[in-house]
> 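Below is the structure I would like to discuss, written out as structure tokens.
Ligands are counted one by one from 1 in listed order, and the atoms in each one are counted from 1 as well.
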Amino acid sequence: DAADECLLWSEAQKYYANILNPFSPLVKNKIDEIVALNLPIDIIATSHGAIWRDNPLQIVEKYYEWSQDYQEDQITIAYDTMWEGTMKIAHQIASDISRLSPETRVKVFNIAKTDKNDIMTEVFKSKAIAVGSPTVGNNILSSVGGWLEFLTELKFKNKKAAVFGCYGWSGESTKILRSRLIDAGFDVVEPEIRCNWNPDAKVLAGTEEIAAALNER
Ligand SMILES: Cc1cc2nc3c(=O)[nH]c(=O)nc-3n(C[C@H](O)[C@H](O)[C@H](O)COP(=O)(O)O)c2cc1C
């Protein structure tokens, strides 16, 4: 009750998304167990973190909600790029989602420029994500590869994903992104953008299909 409410809740959600999400089944079971004890709870004072004095169960109620495949009407797009082609596709997907579904919140992040924990908090809130990387050395960019390692650890469930990326000659990136996202537990939609060099108007017209697939319930 002494902390700024806005900061408190955003930090609480960031902590849950980045640390506790893989343990969500345990969180839910433990809360069920404690609720069944019917204990009067006056204060929650953990050995580290905030102390909850005013309505201490409010954080327990939030943890309960967050532990059950939490999502909002949001889609998050995360990418990295060398020459900005993959970035153009990311922004076109975002604008198509906004046009098709104006009430859906859309956020776009460059994986190399944004704190990974901040992006994961946005993924946590999302019903779907799109991930983009150009092909480099028959692979994806190492920044995107590292980010996908972390994404896999967090064991997100019940979220869709789409892939996109530019290439020059062999173009393995979208196939690799697809398989890594399936391994991370995402339901990867069929439409993708695999663009030879920089996207032109024809390529960018194809993003609507991705936007529609991610928005479908
Ligand atoms: C260091 C380097 C390695 C690359 N390796 C590959 C490759 O193995 N296969 C391929 O298809 N394209 C490769 N490319 C080409 C890029 O994928 C291509 O330039 C693409 O349009 C870059 O997309 P971007 O504008 O999003 O950075 C490579 C480019 C660079 C600079």
> Could you check if a side-chain atom of Ile43 sits within less than 4.5 angstrom of a side-chain atom of Pro56, using non-hydrogen atoms only?
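They are not in side-chain contact.
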
> Thinking salt bridges, do Lys125 and Glu122 make one under a 4.0 Å N-O criterion?
yes

> According to the salt bridge (Lys or Arg N to Asp or Glu O under 4.0 Å) rule, which pairs have a member within residues 6-23, sequence neighbours left out?
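Salt bridge (Lys or Arg N to Asp or Glu O under 4.0 Å) check on residues 6-23 returns Lys14-Asp118.
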
> Show the atom names and distances, to 0.1 Å, of all donor-acceptor pairs under 3.5 Å that link a side chain in residues 176-185 to residues at least two apart or in another chain.
{"residue": "Arg178", "atom": "NE", "partner": "Glu192", "partner atom": "OE1", "Å": "3.3"}
{"residue": "Arg178", "atom": "NH1", "partner": "Val189", "partner atom": "O", "Å": "3.1"}
{"residue": "Arg178", "atom": "NH2", "partner": "Val189", "partner atom": "O", "Å": "3.2"}
{"residue": "Arg178", "atom": "NH2", "partner": "Glu190", "partner atom": "O", "Å": "2.9"}
{"residue": "Arg178", "atom": "NH2", "partner": "Glu192", "partner atom": "OE1", "Å": "3.1"}
{"residue": "Arg180", "atom": "NH2", "partner": "Gly145", "partner atom": "O", "Å": "3.0"}
{"residue": "Arg180", "atom": "NH2", "partner": "Glu149", "partner atom": "OE2", "Å": "3.3"}

> Please tabulate, for side-chain N and O atoms in residues 47-54, each donor-acceptor pair with protein atoms closer than 3.5 Å (sequence neighbours left out).
{"residue": "Arg53", "atom": "NE", "partner": "Asp1", "partner atom": "OD2", "Å": "3.0"}
{"residue": "Arg53", "atom": "NH2", "partner": "Asp1", "partner atom": "OD1", "Å": "2.7"}

> If the criterion is any heavy atom closer than 4.0 Å to an atom of ligand 1, which residues make the list?
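Within the 4.0 Å shell of ligand 1, which is judged on heavy atoms, sit Thr81, Met82, Trp83, Glu84, Gly85, Thr86, Pro134, Thr135, Val136, Gly137, Asn138, Cys166, Tyr167, Gly168, Trp169, Ser170, Gly171, Trp197.
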
> Assess the side chains of Tyr16 and Ser24: does a donor N or O sit below 3.5 Å from an acceptor N or O?
yes

